[in-house]
Colleague: 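Mind having a look at this structure? Questions to follow.
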Number of protein chains: 2
Amino acid sequence: MKIGELARRSGLSAHTIRYYERIGLLPYADRDRSRQRDYDASILTWIDFLGRLKTTGMPIREMLRYAALREAGSGTEADRRSLLERHREQVRARVAELEACLLVLDTKIAGYADIEKRIEDHDAHQRTRRNQQAGARQAGSR
Amino acid sequence: MKIGELARRSGLSAHTIRYYERIGLLPYADRDRSRQRDYDASILTWIDFLGRLKTTGMPIREMLRYAALREAGSGTEADRRSLLERHREQVRARVAELEACLLVLDTKIAGYADIEKRIEDHDAHQRTRRNQQAGARQAGSR
DNA sequence: CTACGAGTTCGAGCGCACTCCAAGTCAATG
DNA sequence: CATTGACTTGGAGTGCGCTCGAACTCGTAG
């Protein structure tokens, strides 16, 4: 698979794929006779996992540490595991934080809803009064 | 309250407070006789809410839109509400996304735990075999 | 042979959200 | 009166994670 197809299938741009290789997030890819990168489909699994790390807010620095352990092969499982466990805790904390903010947002939104409702009621009341006055005028003009 | 105290109480740096005022996120603060900013405690509520928006990933661009509506005063409640409602949906989506990633992390971590367990078992087995051989040698040597 | 499309490298540029620096002002203290 | 420390402004610099451009090389189709 060449870089263009990998880009389409991974959702990254070819630029980003090269950038990731440059910084060491992706392993140095084999090149064909004309020095073009030639990828194995298995790289998609790795890119996908990197995407998870990224989505959960892991900085590239730390992904690099994980990638390096992975490259180092067996014997690094305990380190990789504890790195992911620490990250998992951070993600859990983040979720809790977002949920706390959601409550604040709910309250704020409910506050605006109240204000809007009060305005509507007020308007409806005003209309009713105008109509009553108009009715009274009509009745009086007969 | 001067900027230093506000910085301490809000958790922002004085630099950041001035930056926020410059871009319009904080209202232009009144100055005292010697042109120093003089804040009312009520600003803390606003900074706190801005913090919630920031924590939930709202870009400054959008906070500015909200801040502008707020400055515009009454009549903008419906807009402010819908802005916050749209944001709330994004935050909810983000939480869902993080939770999906947490499942992937759990699986990955469990995988490493398995590998480590297999290695431990293997080592324990090796030790047992060595002990048995040592025992057999001792018994034979008697 | 030419033209194309997709790839290559290297380095510069960008958007975001700060963060910091230099040079100056001011009020209070010794 | 001199010093100290907290403040002022305007503008430059930073770190992150890309993103893009220029100039070039290939392999294939017409």
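Keep in mind the model is a prediction, meaning the values are calculated, not measured. By convention in this document, chain letters (A, B, ...) are assigned in the order of the sequence lines, proteins followed by strands, and residues within each chain are numbered from 1.
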Colleague: Excluding sequence neighbours, so at least two apart, what forms side chain to side chain donor-acceptor pair (under 3.5 Å) with Ser42(B)?
Modeller: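 Ser42(B) satisfies side chain to side chain donor-acceptor pair (under 3.5 Å) with Asp40(B) once adjacent residues are dropped.
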
Colleague: I want to verify a distance call: between dT8(D), dC18(C), dG17(D), whose nearest atom is closest to the Arg37(B) side chain?
Modeller: dT8(D)

Colleague: CD of Glu99(B) to CG of Leu98(A): how many Å apart, nearest 0.5 Å?
Modeller: 9.5 Å

Colleague: Is a salt bridge present between Arg127(A) and Asp123(A), judged by a nitrogen-to-oxygen distance below 4.0 Å?
Modeller: no

Colleague: Might you point out which heavy atoms bring Ala7(A) and Ala14(A) nearest each other, and give the distance in Å?
Modeller: CB-N, 3.8 Å

Colleague: Is there a side-chain polar atom (N or O) of Lys2(A) under 4.0 Å from OP1 or OP2 of dT8(C)?
Modeller: no

Colleague: Taking Val95(B)'s backbone N and O only, do any of them form a donor-acceptor pair with Glu97(B)'s side chain (distance below 3.5 Å, no angle check)?
Modeller: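 A pair under 3.5 Å: no.
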
Colleague: Could you tell me which residues satisfy salt bridge (Lys or Arg N to Asp or Glu O under 4.0 Å) with Glu62(B), sequence neighbours excluded, listed by chain and number?
Modeller: none

Colleague: Please round to the nearest 0.5 Å and tell me the distance separating atom CE of Met58(A) and atom CZ of Arg86(A).
Modeller: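 Interatomic distance, Met58(A) CE to Arg86(A) CZ, rounded to 0.5 Å: 9.0 Å.
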
Colleague: Whole angstroms only, please: what is the CD-P distance between Gln36(B) and dG5(D)?
Modeller: 16 Å

Colleague: Check the distance between dC18(D)'s C1' and Leu64(A)'s CG and give it to me in whole angstrom.
Modeller: 14 Å

Colleague: What's the closest nucleotide to the Arg31(B) side chain, out of dG7(C), dG17(D), dT8(D)?
Modeller: dT8(D)

Colleague: For the helix from dC1(C)-dG30(D) to dG30(C)-dC1(D), how many degrees between its two end axes (five pairs per end), to the nearest 10°?
Modeller: 30°

Colleague: Looking at residues at least two apart in the chain, or sitting in another chain, which of them share a ring-ring contact (aromatic ring centres under 6.0 Å, His included) with Tyr19(B)?
Modeller: none

Colleague: Looking at residues 41-53 of chain B, who's got a heavy atom less than 4.0 Å off DNA chain C?
Modeller: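 Correct list: empty, so none.
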
Colleague: Going by the rule salt bridge (Lys or Arg N to Asp or Glu O under 4.0 Å), which residues pair with Arg8(B) if we only count those two or more places apart in sequence or in a different chain?
Modeller: none

Colleague: With a cut-off of less than 4.0 Å, is there a side-chain N or O of Arg35(B) near OP1 or OP2 of dC7(D)?
Modeller: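 So the side-chain polar atoms of Arg35(B) never come under 4.0 Å of the phosphate oxygens OP1 or OP2 of dC7(D).
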
Colleague: How long is the line joining CZ of Arg61(A) and P of dT14(D), in whole Å?
Modeller: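 So the CZ-P distance, Arg61(A) to dT14(D), works out to 17 Å.
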
Colleague: Could I get the full list of salt bridge (Lys or Arg N to Asp or Glu O under 4.0 Å) partners for Glu21(B), not counting sequence neighbours?
Modeller: Arg31(B), Arg37(B)

Colleague: Quick one, which residues of residues 11-24 of chain A touch DNA chain D with a heavy atom under 4.0 Å?
Modeller: His15(A), Thr16(A), Tyr19(A), Tyr20(A), Arg22(A)

Colleague: Could you tell me how far apart Glu62(B) (CD) and dG15(C) (C1') are, to the nearest whole angstrom?
Modeller: 17 Å

Colleague: Return yes when atom CG of Asp30(A) has more than 12 non-hydrogen atoms of other residues, nucleotides or ligands closer than 6.0 Å, and no otherwise.
Modeller: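 No, not enclosed.
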
Colleague: Please determine if Glu5(B) and Lys2(B) form a salt bridge, counting it only when a charged side-chain N lies under 4.0 Å from a carboxylate O.
Modeller: no

Colleague: Please report the distance, rounded to the nearest Å, between CG in Asp38(A) and P in dA6(C).
Modeller: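 Spelled out: CG on Asp38(A) to P on dA6(C) is 17 Å.
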
Colleague: So, OP1 or OP2 of dG17(D): does either fall under 4.0 Å of a side-chain N or O from Lys54(A)?
Modeller: no

Colleague: What is the distance, to the nearest angstrom, from the CD1 atom on Ile3(B) to the C1' atom on dA6(D)?
Modeller: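 After rounding, the gap between these two atoms is 11 Å.
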
Colleague: Give the residues of residues 88-97 of chain B touching DNA chain D, defined as any heavy atom closer than 4.0 Å, sorted by residue number.
Modeller: none

Colleague: Would you compute the distance between atom CG of Leu69(A) and atom CG of Asp79(A) and round it to the nearest 0.5 angstrom?
Modeller: 5.5 Å

Colleague: With 3.5 Å as the limit, what N/O pairs link the protein to nucleotides 27-29 of chain D?
Modeller:
none

Colleague: Show every donor-acceptor pair shorter than 3.5 Å between a side-chain atom in residues 103-114 of chain B and any protein atom, with sequence neighbours excluded, or say none if there are none.
Modeller:
from	atom 1	to	atom 2	distance (Å)
Asp106(B)	OD1	Arg88(A)	NH1	2.7
Thr107(B)	OG1	Leu103(B)	O	2.9
Tyr112(B)	OH	Tyr66(A)	OH	2.6
Tyr112(B)	OH	Arg80(A)	NH1	3.2

Colleague: Looking at Glu89(B) and His87(B), would you say the former's side chain and the latter's main chain have a donor-acceptor pair under 3.5 Å?
Modeller: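 No.
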
Colleague: The criterion is side chain to side chain donor-acceptor pair (under 3.5 Å); which residues satisfy it with Arg70(A), sequence neighbours excluded?
Modeller: none

Colleague: Could Glu77(A) and Arg81(A) be called an ion pair, given the rule that one side-chain N must be under 4.0 Å from one carboxylate O?
Modeller: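 Arg81(A) and Glu77(A): not salt-bridged.
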
Colleague: Using whole Å, report how far CG of Asp32(A) lies from C1' of dA6(C).
Modeller: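 Nearest whole value for this atom pair: 11 Å.
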
